[in-house]
Each structure stands twice: as structure tokens, then as C-alpha cells.
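What follows is a short report on a single structure.
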2 protein chains.
Amino acid sequence: MSAADVVDTFLAHLCARDLDAAVALVTDDCEYDNVPIGKVHGPDGIRQTLGPFIGGCTQLDWIVHHQVADDRVVMNERTDRFEMGGRWIELDVAGLFVVRDGRIALWRDYFDLPTFQKAMSGG
Amino acid sequence: MSAADVVDTFLAHLCARDLDAAVALVTDDCEYDNVPIGKVHGPDGIRQTLGPFIGGCTQLDWIVHHQVADDRVVMNERTDRFEMGGRWIELDVAGLFVVRDGRIALWRDYFDLPTFQKAMSGG
């Protein structure tokens with residue numbers, strides 16, 4: 001799989017709420033950095049961060065507007081949509097992924113924290 | 001010039017504080033979107049937004065950590081450094097550029113607004 005294929009597959013697993021399949025595609029030392037919030041490491045760190053969040057969603061639909069990649073680095077511009085409590089929450093993000101040996105070693109998402117907090121609170 | 005070359009040249013002009021040379025590389029209808037703040041359009045919109053800011057800087061140094069591109073879309077992860085009032089201000093951003101006929105038609109930067117405000121106020 002190309003680096004872009006790894007990222008596409010990873011995001012598809014997340015949107016299917018299959019966290020096991022998703023974290024199988026990250027390295028043991030993977031850094032997952034939500035830039036304005038902070039970073040966690042490894043499959044367990046990602047599972048602990050995303051598990052409760054994804055568990056609280058009835059659907060996820062992450063729309064990729066643009067994606068460019070080389071053999072190692074993938075960047076995309078997305079609108080991450082989450083259905084929670086009967087309504088859809090949307091967040092515009094730009095993501096960076098670095099792929100090593102077919103697995104994601106770095107995932108860094110850039111977004112505006114107040115925009116996310118406002119969306120979560122029904123803003 | 002490739003799309004990546006156009007963006008590299010554009011950013012080099014900005015860092016040299018040569019706004020005339022920079023805006024010569026954007027389309028007449030260029031959209032410049034600082035996502036958490038808002039968007040402006042065209043060379044004049046960019047000039048009015050960036051002119052006072054760049055004029056208040058004694059140096060600019062925008063470090064590109066990662067950049068990927070195809071023939072039209074360029075994305076990069078940067079630390080934009082500005083020297084103002086004798087100190088350096090840093091902001092981590094992810095940028096998207098769409099190039100059309102050798103000029104930038106869309107420039108969208110993703111970052112956390114409170115992080116920027118805190119950096120500007122000396123935090």
C-alpha cells in the first residue's frame with residue numbers, strides 16, 4: 001500500500017468505528033498530536049483518546065477535500081463530521097501523517113480549539 | 001514552475017517582506033483564508049491583511065517542516081516565526097495552497113487562534 005492508501009484505510013476504519021482495525025495501522029511509537037490539545041503515543045494512547053469519543057458517536061463521516069502525498073508524507077484538508085446525541089458536529093481540520101513501513105508513525109491535526117468547543121456545545 | 005515552486009517562491013517573497021512580489025503570484029480572485037479568523041480575496045485583500053502585519057515585523061522566518069504537492073495542490077506544515085518588538089513570535093500552522101496557471105488561487109492556513117493570540121501577547 002502507498003502512504004496515501006495507508007491513511008485512506010486508517011480513516012475508513014475510524015469512520016466505521018473499528019478502532020481495532022485502525023490502531024493496527026499505527027506504529028508502536030506512533031505520535032498522535034491534536035495540536036491545540038496535546039499528544040498521545042502508541043496504539044493504546046490513540047485507543048484511550050479516541051475510544052470514548054468514537055463510542056459517543058452514532059456515525060462518523062470525515063470528508064477529505066484535498067489530499068496530497070509522497071511516498072512517506074500525507075497531508076489532507078478535511079471536514080470531520082460526528083453524529084452525537086442526534087445532531088451532526090463538524091470540524092474543519094488539516095492533517096499531517098508520516099508513514100513508516102506501511103504504518104502511521106505520526107498523525108498531527110491542526111484546527112481551532114474554540115471552533116471545536118463551540119461545535120461540541122451546540123454553538 | 002511547479003505548483004510547489006510557486007508556493008516556495010511566494011513564501012520566500014513574504015519572508016523577504018516583499019509584498020509586491022508575493023501578490024504578483026496570486027490570482028485576481030485568490031481566496032486567502034485564515035480559518036479561525038476569516039477570509040479575504042484578491043491581491044488587494046491580501047495586501048490589506050498582511051501589509052500592516054508584515055510592516056510591524058523586523059524579520060520573518062517561516063520554517064517548512066513537511067511539504068507535499070501534486071501538480072495543483074500544495075500542503076505544508078510550518079512554524080511561522082515573526083520578529084516583532086525585539087522578540088520572536090512563533091505559530092504552528094498547516095497550509096493548503098491551490099495553484100492555477102502558475103498563480104495561487106487559494107491559500108488556507110489552519111491554526112489555533114488562542115495559541116496565536118497568546119503568542120502575540122507575550123504568553
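Here is how names work: the chains are called A, B, and so on, in the same order as the sequence lines, proteins then strands, and each is numbered from 1.
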(message) Using heavy-atom distances under 4.5 Å, tell me whether B:Asn76 contacts chain A through its side chain, its backbone, both, or neither.
(response) backbone
With clusters defined by side-chain heavy atoms of hydrophobic residues (ILVMFWY) lying less than 4.5 Å apart, directly or transitively, does [Y] cluster with [X]?
| X | Y | result |
| --- | --- | --- |
| B:Ile89 | A:Tyr110 | no |
| B:Val68 | A:Ile104 | no |
| B:Met84 | B:Leu91 | yes |
| A:Leu106 | A:Val99 | no |
| A:Phe82 | A:Ile46 | yes |

(request) Look at A:Thr115, A:Val93, A:Val74, A:Asp109 and state which one has the largest set of heavy-atom pairs under 4.5 Å with chain B. (result) A:Val93
(request) Count the heavy-atom pairs under 4.5 Å between each of B:Arg108, B:His65, B:Met75 and chain A, then report the option with the highest count. (result) B:Met75
(request) Indicate yes or no: at least one non-hydrogen side-chain atom of B:Val98 is less than 4.5 angstrom from one of A:His66. (result) yes
(request) Could you check if a side-chain atom of B:Pro114 sits within less than 4.5 angstrom of a side-chain atom of A:Pro114, using non-hydrogen atoms only? (result) yes
(message) Under the side chain to side chain contact (heavy atoms under 4.5 Å, CB included) test against B:Asp112, which residue among A:Val35, A:Asn34, A:Leu113, A:Ile37 passes?
(response) A:Leu113
